[in-house]
Protein chains: 2
Amino acid sequence: MTTERRMPRQADIARIAGVSQAAVSVVLGGKQTIRMAEETRARILEVAEELGYVPHPVAKRLAHSRSNLLGLYTFRTAFPTNEADIYHPILSGVEAEAASLGQDLILFTGTSGPEARQETAIRRTRMADGCLFFGRQVPEAPVARLVETGFPLVYIGRRPELGGRIPYIGADYVTASAQVLERLLSLGHRNIRYVREPDEAPSSEDRLLGVLQAAPSTQVVRLDGPDLSADAVRSWLADGVTALVVEGTDTGTAYRAVRAAVDAAGLSVPGDLSLAVLGGPPGVSGFEVPMQEMGRHAVRLLIELITDKATTPQQLLWCPPVAGREVGPPRSTE
Amino acid sequence: MTTERRMPRQADIARIAGVSQAAVSVVLGGKQTIRMAEETRARILEVAEELGYVPHPVAKRLAHSRSNLLGLYTFRTAFPTNEADIYHPILSGVEAEAASLGQDLILFTGTSGPEARQETAIRRTRMADGCLFFGRQVPEAPVARLVETGFPLVYIGRRPELGGRIPYIGADYVTASAQVLERLLSLGHRNIRYVREPDEAPSSEDRLLGVLQAAPSTQVVRLDGPDLSADAVRSWLADGVTALVVEGTDTGTAYRAVRAAVDAAGLSVPGDLSLAVLGGPPGVSGFEVPMQEMGRHAVRLLIELITDKATTPQQLLWCPPVAGREVGPPRSTE
DNA sequence: TCAAGATGCTAATACGCATTAGTCGCCGCT
DNA sequence: AGCGGCGACTAATGCGTATTAGCATCTTGA
């Protein structure tokens, strides 16, 4: 036996309190710019309380164009069944920051499907005040449309596309990578090998840049699959290599491959060989990608864009170095 | 140099195509009840495509239609930093089903904060076409309001509150628990002890009901903290107990406590003692709570409620039994 | 030839709120 | 007396869509 009565609206309050709907809006909206007799204000508040008035969020949004909703476009599922979820910390940061700023989040589904579905999902993006985009993909046409119409969006991860007009929060891989190499150099390593993932991406280029900047003589090897043979590692060692630096990514495949090969070759780390990862699992020598912080900053930047207060729409965050146990002085080759 | 053009609306399409806004709405809305010349319809669609028209979801929703947005109210953070996240599989199911039904999700933030904030968050719930609620908490007043005004909502987990008017998707703990006990009985166990969590909840009562239904002579013990002593377990064994059944919950504290105590007592499982959990970690003897399925069903039920097609607004799902390695025949006490 | 019905569309309005541009009465001042 | 100004409010409008009632115009059939 549902009562099925309507929710009270401002008009109801107005009728009972004997004022206009506008008066109700003014009082409940807490506007100080408009004067209202203390008595009337009190009466309105009283009636509102009595009726259990709750502003209708949709109407509110339609009227003043802010919904306090931020979009989340993940290009994949936001709650993957897969345990090792690299985005999780970012999302966690996003949620925390959004909560503290009073913003709710819209999760767009169908972002991982075929291109046609993806595109309709990108359109739906507009129902939020602005949208966060995750990951490496940039569907140029639809994203360009968003950017051009001034729709606030922030990518997580550096994006040079569209002539550099895409706002983003990235990590400063160049500096962080350079620092890792500098540390190796200062420990005495002179023959260092850098192992890249097969994949290309700005974050990948940035790491390489940092590596070569700090240690131009570094030899670069590109993995062509998810595996690396123990023999390959042995031959590097024979060439005098004393340290391996591995690209770290979402999937961490390169690190796993290298680690497996090194173990298979029966080498001790860092006794026989130092090993560093550029943005790897927590605790491993190299540096850490500040995931949570990226999420938080992305939300802050997005809000700035929404409120037209953005100062720097493209920011790179500092990655804290990790000493770890995988790096040590080179084995004396004498 | 942003173009800063407004998003096109129906009125823009109407002007260009030389028809009324209503005509545009009719055509784009796919209404068959209203006749429209094939030519006009084509023209409108063409213009819409050209302008890249996207319906304004908020306006759509205000105008008594659907926005294809489902709310998610978690009473805690949706992306906890904590690794062991019991809700994750549910959320994963929700997301998958929502995606396949073309629904996006709104994550309400601030749902774990102080009561006042929680209440404003519950209000915001109306932004969506309907909302999923997670967990044990039922803030009676605001939820009653939602239910009474006919706002579609579905709880995940059985909820007897509000005179049983809350729609939910739960798990059939009674049957599942009874089956576990029946198995123990059929293996020959006669002296069984049931270990409950300190906490009370419908799901907790259900399990107890099932236990006593299948094996009325079962002794019930209630934990009063997160720990259990090895001595307690030893004394049970001395009393002739051959099997322990443990309540399983979100946190899994009871199971961990019992497992620790049994190990500390130096007992082998199931050699000395059989051990079963009512809804525990995957693979452990007892039964499994179909998390993913609950998520999926909840979404389906919510959609049914939204479209007024709900047949059974309260459903309990079957929990698959898990044989596992922790249950065996009782030790011959001769 | 004219009523009845079909066809193709539009005008008007609702949804619930925020906001802007007033309106109205009254007081103080010259 | 007349004017400015202020305090306290309201009327009107917009936000972008969906829906309903209804209006021309065109076919038909008798």
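Only a predicted model underlies this, so the values are computations on that prediction, with no experimental measurement involved. Here is how names work: the chains are called A, B, and so on, in the same order as the sequence lines, proteins then strands, and each is numbered from 1.
Following rounding to the nearest Å, A/H64 (NE2) and C/dC15 (C1') show an atom-to-atom distance of 17 Å. Put simply, CZ on B/R123 is 16 Å from C1' on C/dG16, counting in whole angstrom units. Spacing between atom NZ of B/K31 and atom P of D/dA18 amounts to 9 Å, rounded to whole angstrom units. C/dA18 atom C1' lies 14 Å from atom CZ of A/R61, rounded to whole Å. Atom CD of A/Q21 and atom P of D/dG14 are 15 Å apart (whole Å). Look at NE2 on B/H56: it is 6 Å from P on D/dG16, rounded to the nearest Å. As a whole-Å value, the separation of A/I13 CD1 from C/dA18 P is 11 Å. D/dG14 atom C1' lies 18 Å from atom NZ of A/K60, rounded to whole Å.
B/V19 comes within contact range of the sugar-phosphate backbone alone, with a heavy-atom separation under 4.0 Å but no base atom that close. The residue A/V58 sits apart from the nucleic acid: no heavy atom pair falls under 4.0 Å. In this structure, B/R35 reaches the bases: a heavy-atom distance under 4.0 Å links it to at least one base atom across the strands shown. At the heavy-atom level, B/A37 lies under 4.0 Å from the strands shown only through sugar-phosphate atoms.
Mapping B/E38 and A/R9 onto DNA chain C by nearest heavy atom places B/E38 at the nucleotide closer to the 5' end.
Under a 3.5 Å cut-off, the side chain of A/T312 and the backbone N or O of A/Q315 do not form any donor-acceptor pair. Between the side chain of A/N68 and the backbone N or O of A/Q103, no donor-acceptor pair lies under 3.5 Å.
Between A/L72 atom CG and B/L107 atom CG the span is 8.0 Å, to the nearest 0.5 Å.
A donor and an acceptor atom, one from each side chain of B/R126 and B/T149, are located under 3.5 Å apart. Looking at A/Q137 and A/R159, their side chains never bring a donor and an acceptor atom within 3.5 Å of each other.
With C/dA11, C/dG16, C/dT19 as the candidates, the nucleotide lying closest to the side chain of A/V26 is C/dT19. Listed candidates were D/dA18, C/dA18, C/dT10. Nearest to the side chain of A/Q10 is C/dA18. Residue B/A23 places its side chain closer to C/dT10 than to any other of C/dG16, D/dA12, C/dT10. Checking C/dA11, C/dC17, D/dC9 against the side-chain heavy atoms of B/S20 singles out C/dA11 as nearest. With C/dC17, D/dT10, D/dT19 as the candidates, the nucleotide lying closest to the side chain of A/Y53 is C/dC17. The side chain of A/I34 lies closest to C/dT20, out of C/dT20, C/dT10, D/dG16. Among the nucleotides C/dC17, C/dC15, C/dA18, the one closest to the side chain of B/L62 is C/dC15.
For A/Y73 and A/F134, the gap between ring centers reaches or exceeds 6.0 Å.
Within the 4.0 Å cut-off from OP1 or OP2 of C/dG8, not a single side-chain nitrogen or oxygen of B/T40 is found. An OP1 or OP2 oxygen of D/dT19 is reached within less than 4.0 angstrom by no side-chain nitrogen or oxygen of B/S25.
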